[in-house]
There are 2 protein chains.
Amino acid sequence: MSVTVVGSIAYDRVKTPFGEKERMLGGAATHFALAASFFDEVRVVGPVGDDFSDEDMRVLQTRGTSTDDVERVAGGKTFFWHGEYGWDLNSRETHDTQLGVFESFEPKLGEASRASEVLFLANIQPDLQRGVREQCRGARFVALDSMNLWIEIARDSLLRTISEVDCVILNDAELRQLTEKPNLVQAANEIFAMGPRVVVAKQGEYGAALLTRETFFALPAYPLETVVDPTGAGDTFAGGFVGYLAARRGELGDEALRRAMAFGTALASFNVEEFGTERVLRLTADEIAERVDDLARITHFEAAPVELRA
Amino acid sequence: MSVTVVGSIAYDRVKTPFGEKERMLGGAATHFALAASFFDEVRVVGPVGDDFSDEDMRVLQTRGTSTDDVERVAGGKTFFWHGEYGWDLNSRETHDTQLGVFESFEPKLGEASRASEVLFLANIQPDLQRGVREQCRGARFVALDSMNLWIEIARDSLLRTISEVDCVILNDAELRQLTEKPNLVQAANEIFAMGPRVVVAKQGEYGAALLTRETFFALPAYPLETVVDPTGAGDTFAGGFVGYLAARRGELGDEALRRAMAFGTALASFNVEEFGTERVLRLTADEIAERVDDLARITHFEAAPVELRA
């Protein structure tokens, strides 16, 4: 099986309380691919400009990820984002966004990418997401991310796109905004009524929750003494989550979904330990497995009987 | 063993998206006692005014809770709080606070309350908390709550008090404000350096985390489709947490602490299902046990090995 991801490939300028980096490889598709490639073959679809370096292309190709459908636009500039995080890393301000080649991006998928059985539609304009969805008719599992901007300016299109995917991965503020339900269980029920079977609510430093019609599962973020740069954490999570399910050949049982959450959480926790892709790039399979074990330990308790007073 | 709690007994006027109640029995000591009394004998220390009804006194006495040290101040009025919650219940505005008898409250503990082996210092002025701590020299386990007001106007006193307790139970924003550390692990380390061995970070709708020098444990909030009134959730949590540890005779092993977190979480989830003390008042031991089992289920996953790509 292979996983196709459509989304941004970017250069990021990021300032956090731990320093500032001028120009790092970033973007949703990049972070997703680096994480998902631990589990399955990944195919990246997205545009870059003339300024995109061969070295960064080789980073995208880590663990055999295909960049056949990474479109290099002559005369174009790679998407650029400049942001700054507040002291507790929970708030961030965007100083500059230069869409560059992303402005006129029309995803073109080669035959191999269209044949992927698993598809991740990273946060891009929802018409484009739907176009890609339609090119991948055979996909057995399709997950989608989005953002407040599209909920605000392209709501109807986003709702149509959501109706054609299996899984929605949003942060909890976006879920509330999208469904106009303040309560997570109610918000997920709204999404289920649109079609998807799986909702993942990303909750930042608090972790993530998974909801289906039958089950609820929640996992805290892995506790870190220092978080250096949260950029890409959500896409890295999605890479671990969707990548693991791809390795399970799209099986969506409760046990597979829960493990997928654990792998997504573990991957995301490495991502934030250093700037950009630094930490995930030198990550090993053993480190991932160890952190998943740790997550199982830090969430475990025995519900043994206790005698309560009447 | 018995648990002594020192804190407010109040009348609350509360408005939430689900309605408004004019005058409900509330206060930290009340919510704590109702929860903790499922586990052990509770002794409440706090003042009320002439306006405090016999019916509400009987509510305090649920499951044999002693009100011997509830001081009825002649000519005084019971503490009154009037607040309103926003649509998602995560923000609240205080419209009115009338301290009444609380203004000149000086905790007086009878011999039996002083002899309790477990003590909970609910959120009151830290000098008063320390005074109570000193009256209970024999206590084997002392936990404390506080609030942003005391961190701002009585910081030194609060730090002195913290240095004399075993466990700090605060919400995560308060932990950050108190320690000036944005990171939960770092914030807890600051608290450990002051003396306490256990830190509980209450995280509202996201649940709670427990930290000791040796361990980290996190538990999501129980997923509810409708939260009616969050007032008292934190004190109900503390009642379940501290009450369970009292029943375990102050044992503070990892396994006891984790179960205490589960009982606190379960109790708090019932508290918010209805206004004020309504739901917890008719709660049964079986319902609590069932919810603790549910919490174990919704957080469980198997960290089985997986073959990762290199």
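Being a predicted model, the structure only gives us computed values, none of them experimental. Letters A, B, ... are given to chains in the order of the sequence lines, protein chains preceding strands, and every chain is numbered from 1.
- Using a 4.5 Å cut-off between heavy atoms, A:D172 contacts chain B through its side chain alone, with no backbone atom that close.
- Both the backbone and the side chain of A:L295 come within less than 4.5 Å of a heavy atom in chain B.
- Here the CG-CG distance, from B:L308 to A:D40, works out to 11.5 Å after rounding to the nearest 0.5 Å.
- For B:D286, no part lies under 4.5 angstrom from a heavy atom of chain A.
- No part of A:T215 comes within reach of chain B, as not one of its non-hydrogen atoms sits under 4.5 angstrom from that chain.
- Ranked by heavy-atom pairs under 4.5 Å with chain B, the list A:V227, A:L89, A:L224 is led by A:L224.
- Considering only heavy-atom pairs separated by less than 4.5 Å from chain B, the leading option among A:A262, A:P182, A:A296 is A:P182.
- Going from atom OG1 of A:T226 over to atom CD of B:Q186 covers 5.0 Å, rounded to the nearest 0.5 Å.
- Within 6.0 Å of CD on B:E152 lie more than 12 heavy atoms contributed by other residues, nucleotides or ligands.
- Contact annotation for A:N90: only side-chain heavy atoms (C-beta onward) come within less than 4.5 Å of a heavy atom of chain B.
- For CD of A:E20, the number of neighbouring non-hydrogen atoms (other residues, nucleotides, ligands) closer than 6.0 Å is greater than 12.
- With a 4.5 angstrom heavy-atom cutoff, A:E41 touches chain B via backbone and side-chain atoms both.
- Interface remark: A:D294 contributes no atoms to any contact with chain B (heavy atom separation under 4.5 Å).
- With a 4.5 angstrom heavy-atom cutoff, B:E225 touches chain A via backbone and side-chain atoms both.
- Contacts between A:L219 and chain B at a heavy-atom distance below 4.5 Å involve the side chain alone, from C-beta outward.
- Ion pair A:R176/B:E205 flagged as a salt bridge, since at least one NZ, NE, NH1 or NH2 atom sits closer than 4.0 Å to an Asp/Glu carboxylate oxygen.
- Within the 3.5 Å criterion, the main-chain N or O of A:R309 finds no donor-acceptor partner in the side chain of B:R63.
- When each of A:V185, A:L184, A:N183, A:L211 is paired with B:P223, the side chain to side chain contact (heavy atoms under 4.5 Å, CB included) condition holds for A:V185 and for no other.
- Contacts between A:S37 and chain B at a heavy-atom distance below 4.5 Å involve backbone atoms as well as side-chain atoms.
- Side-chain N or O atoms of B:R259 include one that pairs as donor or acceptor with a backbone N or O of A:E302 at under 3.5 Å.
- For A:D293, the parts sitting under 4.5 Å from any heavy atom of chain B are the backbone and the side chain alike.
- The line from OH of A:Y206 to CD of B:Q203 is 5.5 Å long, rounded to the nearest 0.5 Å.
- Not one N or O on the side chain of B:R258 forms a donor-acceptor pair closer than 3.5 Å with the backbone of A:F301.
- For A:R297, the part sitting under 4.5 Å from any heavy atom of chain B is the backbone (N, CA, C, O) and nothing else.
- Proximity to chain B is limited to the backbone of A:E180, based on heavy atoms less than 4.5 angstrom apart.
- Taking A:I288, A:I298, A:T62 one by one and counting their heavy-atom pairs under 4.5 Å with chain B, the maximum is reached by A:I298.
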